[in-house]
Protein chains: 2
Amino acid sequence: MGDAAAAPPSRELLLIAFMQDLAPGQLEEIQAKFPHLDVASTVLKRGEDVPSDLARKATYIVTFTNLPKPEDAENIKFIHFLSAGLDHALQHPIFRETTIPLTSSSGVHAAPIAEWTVMNWLVHSRKYAYMYEGQKKHEWRDSLSGFFQGVHDQVGKRVGILGYGSIGRQIGRVSQALGMTVYAYTASPRPTPSSRHDNGFIVPGTGDREGTVPVSWHHGTDRASIREFLALGLDHLVISLPLTPQTTHLLGAEEFALLAASQGPAKVKPYVTNISRGKVLDQEALIAALKSGELSGAALDVTDPEPLPAEHPLWDVPNVQISPHVSSLGVEYFPRSLDIVKENVERLQRGEELLNEKKRGKGY
Amino acid sequence: MGDAAAAPPSRELLLIAFMQDLAPGQLEEIQAKFPHLDVASTVLKRGEDVPSDLARKATYIVTFTNLPKPEDAENIKFIHFLSAGLDHALQHPIFRETTIPLTSSSGVHAAPIAEWTVMNWLVHSRKYAYMYEGQKKHEWRDSLSGFFQGVHDQVGKRVGILGYGSIGRQIGRVSQALGMTVYAYTASPRPTPSSRHDNGFIVPGTGDREGTVPVSWHHGTDRASIREFLALGLDHLVISLPLTPQTTHLLGAEEFALLAASQGPAKVKPYVTNISRGKVLDQEALIAALKSGELSGAALDVTDPEPLPAEHPLWDVPNVQISPHVSSLGVEYFPRSLDIVKENVERLQRGEELLNEKKRGKGY
């Protein structure tokens with residue numbers, strides 16, 4: 001802008017640089033919303049730089065791992081990542097040598113991962129697999145079997161959410177609707193209403209923007225604070241933390257023992273849900289706690305390692321439900337990520353702060 | 001009471017007359033709450049009358065199918081049923097020849113049936129069975145398989161709830177938390193806020209007491225009204241109606257076609273959930289609509305007949321999830337029903353109207 005203010009603006013280009021084409025219709029939808037933009041896409045290999053000729057024409061880049069060289073990026077107003085984290089970019093010169101705003105897709109994962117989480121809780125507590133196997137065998141396994149005497153519901157249960165970000169908030173929202181009590185845990189203290197606000201992208205109709213769902217907030221980055229949280233008498237523990245050197249093997253044998261010792265109101269052993277990364281917990285300790293009955297079960301969308309080898313003992317541990325790191329996936333993923341792009345094109349036009357901007361010099 | 005006001009009150013007896021003993025601790029809990037009551041239980045056969053000597057001593061009876069003879073019931077202040085409906089009692093002289101208040105366990109089923117409903121939606125939409133079978137085979141069936149491209153979430157979907165009672169309200173509550181839009185259908189019109197109020201028993205922390213969850217309310221007992229509702233563009237239809245002559249085969253081929261024709265915002269074919277009774281729909285028409293793809297799936301806790309015979313074709317219809325009429329079951333069932341009894345003993349003491357009283361002369 002600047003000294004070109006009097007001249008007619010040249011057409012801006014929104015470039016989607018990804019490893020595959022998006023679903024049909026998605027480019028057209030952006031184009032329809034912003035007739036003054038050109039919208040184009042290019043298919044590149046993972047991690048490959050955006051070719052100079054394309055990068056130099058671009059005003060906005062939407063990508064997963066494909067970045068422009070700093071010398072090609074003079075006209076770029078923001079780069080939007082189709083991922084929640086910017087791990088791929090943090091070592092790239094575009095992050096370290098420029099001040100081009102970088103935005104993430106944080107918030108896009110909340111609804112599907114919350115659904116995945118609650119689905120797994122209910123499948124476990126309501127013994128879905130027993131019904132499913134009964135149907136396959138055409139067996140009417142009704143209440144007379146006595147099997148359903150162990151079925152219990154979620155009302156009144158306490159869920160502790162380690163990492164109360166956009167995903168944790170949607171889990172909290174649904175938990176509250178189910179009649180549960182929510183306890184939030186964050187790295188930094190959140191003593192005031194404004195500190196509890198979620199300022200990132202929120203899928204309309206979901207989440208906990210004001211942070212009013214939890215009955216109490218807890219915080220800390222040290223092990224003592226985590227342990228205090230685990231001793232609250234939780235029926236559910238949800239791990240929704242980023243993996244960092246500090247959170248690697250954050251939960252081990254002692255933590256599971258502590259969790260199990262302070263049983264919640266439902267008088268069932270705690271259930272652990274991991275939607276973070278496999279290494280955030282000591283998997284051997286988890287297996288031991290499940291086998292000993294300290295934990296009533298676990299839902300794991302992530303394992304250590306991934307893919308989990310066919311011969312790994314985790315597959316057959318009782319009361320474990322494993323899925324192959326798919327909890328965030330769904331047809332809504334890209335359209336929602338592009339909603340952030342649309343919002344940010346408008347915010348730039350209005351001179352407002354961008355949604356989901358990653359501030360440089362700030363860790364997770 | 002009355003003219004005995006000056007005399008010390010004789011001890012009242014709360015009698016539990018059921019086909020089996022309740023779980024240990026439940027009688028003791030009532031006894032602890034009401035030290036002025038005697039609490040006793042007796043095990044009787046289904047439908048057997050309560051023996052005269054016991055009935056004559058009782059002040060309150062808690063039962064499923066065992067009723068006193070009218071001539072033995074002079075001291076009885078209320079009879080509480082462990083079921084939501086009073087079908088068993090409606091032909092009994094105690095209903096037709098006395099004015100003893102009869103109370104139901106309506107509301108007790110809401111939380112577990114809502115969990116069962118949402119579990120089935122998510123199992124279907126997130127393809128849980130595929131992950132479950134993968135785990136059994138130790139296969140890491142990740143996103144590269146392309147399978148998860150068909151996965152979608154519930155955000156923005158429209159759910160129409162035919163029968164917005166206590167169960168429908170808890171389904172509505174959780175649906176709203178998931179980001180869905182709720183449409184309520186009732187037999188009678190509910191034009192005012194007070195007419196939308198749920199005056200029955202509600203498990204604390206659940207439900208929609210004020211009736212504020214639905215974006216619109218619809219009503220009628222005629223087929224034309226139902227059809228109008230089915231044409232709203234619903235992604236989900238939940239059938240939560242009582243079975244009566246009027247609701248028998250209420251939904252047939254034409255209704256499913258209508259439902260499918262007015263697709264909801266998610267652009268997937270409608271999903272039907274039946275937690276009512278099998279005969280409320282034409283099961284052959286349902287099977288045809290599922291096979292033709294008019295419906296994307298169905299969750300059925302009830303079938304026609306029950307038990308569903310092993311050779312019945314419904315077991316193997318694609319995208320059908322069947323459970324053997326167990327959606328309301330769980331360890332919380334009896335304690336919650338007894339919570340209604342406790343509340344009503346207190347309400348009587350305070351001279352207030354009873355919770356969940358079945359008014360004589362009023363149909364469902």
Side-chain angles (χ1 to χ4, degrees), chain A residues 111-112 114-116 118-120 122-123 125-126 128-129 131-132 134-143 148-156 170 173-181 203-206 306-312 315-316 320-327 329-332, chain B residues 111-112 114-116 118-120 122-123 125-126 128-129 131-132 134-143 148-156 170 173-181 203-206 306-312 315-316 320-327 329-332:
Chain A
E115 289 189 0
W116 180 94
V118 170
M119 174 187 76
N120 275 285
L122 298 179
V123 159
S125 65
R126 310 205 72 78
Y128 177 76
M131 290 191 278
Y132 169 81
Q135 182 175 351
K136 284 207 293 191
K137 293 179 181 155
H138 298 196
E139 287 175 8
W140 188 261
R141 297 176 166 183
D142 66 5
S143 59
F148 288 95
Q149 284 176 10
V151 169
H152 53 90
D153 60 50
Q154 304 298 321
V155 178
Q170 178 60 8
R173 177 190 175 93
V174 180
S175 300
Q176 189 186 50
L178 290 169
M180 302 167 75
T181 313
V203 175
T206 70
E306 290 179 16
L308 193 66
E311 67 280 9
H312 199 287
W315 287 113
D316 293 322
V320 167
Q321 292 162 205
I322 299 172
S323 68
H325 208 141
V326 294
S327 63
L329 299 185
V331 297
E332 296 87 358
Chain B
E115 289 189 0
W116 180 94
V118 170
M119 174 187 76
N120 276 285
L122 299 178
V123 159
S125 64
R126 309 204 73 77
Y128 176 77
M131 291 191 278
Y132 169 81
Q135 181 174 350
K136 284 207 293 191
K137 292 179 180 154
H138 296 198
E139 287 174 8
W140 187 261
R141 297 176 165 183
D142 66 5
S143 58
F148 288 95
Q149 286 176 8
V151 169
H152 54 91
D153 61 49
Q154 304 298 322
V155 177
Q170 178 58 8
R173 177 191 176 93
V174 180
S175 299
Q176 189 185 50
L178 290 168
M180 303 168 74
T181 313
V203 175
T206 70
E306 290 180 17
L308 193 66
E311 67 281 8
H312 199 287
W315 288 112
D316 293 323
V320 167
Q321 292 162 207
I322 298 172
S323 69
H325 208 142
V326 294
S327 63
L329 299 186
V331 297
E332 296 87 358

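Per chain, numbering begins at 1; letters A, B, ... match sequence-line order.
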Engineer: Just so I understand: if I count every heavy-atom pair under 4.5 Å between each of A/Val118, A/Thr206, A/Asp316 and chain B, which residue has the most?
Structural biologist: A/Asp316
Engineer: Does the side-chain contact (heavy atoms from CB on, under 4.5 Å) test come out yes or no for B/Tyr128 and A/Tyr128, once each step is laid out?
Structural biologist: CA-CA 10 Å; B/Tyr128 176 77; A/Tyr128 177 76; 4.2 Å; yes
Engineer: Who wins among A/Ala111, A/Gly330, A/Ser125 for the most heavy-atom pairs under 4.5 Å with chain B?
Structural biologist: A/Gly330
Engineer: Do you know which two heavy atoms are closest between A/Leu329 and B/Val151, and how far apart they sit?
Structural biologist: O-CG1, 3.6 Å
Engineer: I'd like to know which of A/Met180, A/Glu306, A/Lys137 tops the heavy-atom pair count under 4.5 Å against chain B.
Structural biologist: A/Glu306
Engineer: Is chain B contacted by the side chain of A/Val331, its backbone, both, or neither, given a heavy-atom distance below 4.5 Å?
Structural biologist: both
Engineer: Sort A/Ala310 into side chain, backbone, both or neither according to what part of it lies under 4.5 angstrom from a heavy atom of chain B.
Structural biologist: both
Engineer: Less than 4.5 Å to any heavy atom of chain A: does that hold for the side chain of B/Pro204, its backbone, both, or neither?
Structural biologist: backbone
Engineer: Using modelled atom types only, decide if a donor and an acceptor are shared between the side chain of A/Glu115 and the backbone of B/Arg126 within a distance under 3.5 Å.
Structural biologist: no
Engineer: For a quick test of reading the model, state the closest non-hydrogen atom pair linking B/Ile322 to A/Trp140 and the distance between them.
Structural biologist: CG2-CZ3, 4.4 Å
Engineer: Under 4.5 Å heavy-atom distance to chain A, tell me which part of B/Glu139 shows up: side chain, backbone, both or neither.
Structural biologist: backbone
Engineer: List the atom of B/Pro112, the atom of A/Asp153, and the distance in Å for their closest heavy-atom pair.
Structural biologist: CD-OD2, 3.7 Å
Engineer: Just so I understand: if I count every heavy-atom pair under 4.5 Å between each of B/Thr181, B/Asn120, B/Val320, B/Val203 and chain A, which residue has the most?
Structural biologist: B/Val320
Engineer: Which bit of B/Ser175 comes within less than 4.5 Å of chain A, counting heavy atoms only: side chain, backbone, both or neither?
Structural biologist: neither
Engineer: Is it the backbone or the side chain of A/Ser327 that comes under 4.5 Å from a heavy atom of chain B, or both, or neither?
Structural biologist: backbone
Engineer: Would you give the length of the straight line joining atom CH2 of B/Trp116 to atom CE of A/Met131, rounded to the nearest 0.5 angstrom?
Structural biologist: 7.5 Å
Engineer: Within the distance-only criterion (no hydrogens, no angle test), does the side chain of A/Gln135 pair as donor or acceptor with the backbone N or O of B/Trp315 below 3.5 angstrom?
Structural biologist: yes
Engineer: Specify which of A/Pro307, A/Gly205, A/Pro309, A/Ala177 makes the most heavy-atom pairs with chain B at under 4.5 Å.
Structural biologist: A/Ala177
Engineer: Find the distance between CD (A/Gln176) and CZ (B/Arg173) and round it off to the nearest 0.5 Å.
Structural biologist: 6.5 Å
